[in-house]
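What you see below is based on every heavy atom in this structure, not just the backbone, and it leaves out hydrogens, waters and symmetry mates. As the structure is a prediction and not an experimental result, all values here were calculated from the model.
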Amino acid sequence: MDNKENNKPENIENTEDFQPTRLDFIRELIADCRYDDAMEMLSIATEDEPDNVDYNYELARIFMEMGNYSSAISNLELVLEKTQSSLLYFMLAEAYEADNEIDKAIGTYLKATMMNENFPFAYKKLGMLFMARGDKESAKEYFEDYIKLDIAEDEKESVKKILERIK
């Protein structure tokens, strides 16, 4: 049997000793879009370890996917109490934005840029949110910061066209 049939990663030297963890299994369920099964496993897992960062992160991912933004927010806030990254702040900001909490989204996208000033996605989102609010000066500032970062040339050209329209 090959490794795929055994559900064992190919990059582990001695695959006979590989024992998938509960988290590995949960992530496989999520990858297969088996959210109900993953939620059931996560429910059991969080009973055992309610403050587990990985479990709360995976719950947040599922809640986002299912459109339950307030629950995603709660889980991401728990994760951010233990560990912080620009990506986690970005995810939380997206959840706030999807939940129509625009002020919180803006503040959280700003935290993402403070954690990593080279994180382009947060700058673009800030530009878009400020533009939607009619705050052209702030939108312009964040779009200009965005195009200075390492992004694709066609994306830069697209944002330059936006900048021309809002001047």
**Student:** Start with the C-alpha distance between E47 and I44, add both sets of side-chain angles, then the distance that settles side-chain contact (heavy atoms from CB on, under 4.5 Å), and finish with yes or no.
**Tutor:** CA-CA 5 Å; E47 282 179 22; I44 294 166; 5.5 Å; no
**Student:** Would E155 and Y146 count as a side-chain contact (heavy atoms from CB on, under 4.5 Å) here? Give the steps.
**Tutor:** CA-CA 10 Å; E155 178 68 7; Y146 174 64; 2.7 Å; yes
**Student:** Does E117, at its CD atom, have more than 12 non-hydrogen atoms belonging to other residues, nucleotides or ligands within less than 6.0 Å?
**Tutor:** no
**Student:** Does a side-chain heavy-atom distance below 4.5 Å link E94 with M64?
**Tutor:** yes
**Student:** Using ring centroids (six-membered ring only for Trp), state whether Y109 and Y89 fall under 6.0 Å.
**Tutor:** no
**Student:** Taking C-beta and beyond as the side chain, do E141 and L126 meet within less than 4.5 Å on heavy atoms?
**Tutor:** no
**Student:** Under 3.5 Å, is there a donor-acceptor pair between the side chain of T108 and the main chain of K104?
**Tutor:** yes
**Student:** May I ask you to say whether R61 pairs ionically with E58, meaning some side-chain N is under 4.0 Å from a carboxylate O?
**Tutor:** yes
**Student:** What verdict does the side-chain contact (heavy atoms from CB on, under 4.5 Å) test give for I147 and L163, after you've listed the backbone C-alpha separation in whole Å, the side-chain angles of each residue and the deciding distance to 0.1 Å?
**Tutor:** CA-CA 10 Å; I147 61 175; L163 282 167; 3.9 Å; yes
**Student:** Less than 4.0 angstrom from a charged side-chain N to a carboxylate O is my criterion; do R22 and D48 meet it?
**Tutor:** yes
**Student:** Return yes if a side-chain donor-acceptor contact under 3.5 Å exists between Y123 and E144, otherwise no.
**Tutor:** no
**Student:** Is it the case that over 12 heavy atoms from other parts of the model lie below 6.0 angstrom from the NZ atom of K136?
**Tutor:** no
**Student:** Salt bridge check, E28 against R34: does any charged N sit closer than 4.0 Å to a carboxylate O?
**Tutor:** no
**Student:** Say whether, by atom type as modelled, one donor and one acceptor occur between the side chain of N56 and the main chain of N52 under 3.5 angstrom.
**Tutor:** yes
**Student:** If you draw a 6.0 Å radius around CG in D36, do more than 12 non-hydrogen atoms from other residues or ligands fall strictly inside?
**Tutor:** no
**Student:** Taking D154's backbone N and O only, do any of them form a donor-acceptor pair with S158's side chain (distance below 3.5 Å, no angle check)?
**Tutor:** no
**Student:** State whether the side chain of T113 and the backbone N or O of L110 hold a donor-acceptor pair below 3.5 Å, judged by distance alone.
**Tutor:** yes
**Student:** For the backbone of N68 and the side chain of S71, can you confirm whether one donor and one acceptor N or O come within less than 3.5 Å of each other?
**Tutor:** no
**Student:** Among residues two or more places apart or on two chains, list those pairs meeting ring pair (Phe, Tyr, Trp, His ring centres under 6.0 Å) that have a residue in residues 27-84.
**Tutor:** none
**Student:** Check the angle between the aromatic planes of F130 and Y142 and answer parallel, tilted or perpendicular using the 30° and 60° thresholds.
**Tutor:** parallel
**Student:** Inspect the surroundings of CD in E40 and state if more than 12 heavy atoms from other residues, nucleotides or ligands are less than 6.0 Å away.
**Tutor:** no
**Student:** Tell me if a side-chain donor or acceptor on S74 pairs with a main-chain N or O of S70 at a distance below 3.5 Å.
**Tutor:** yes
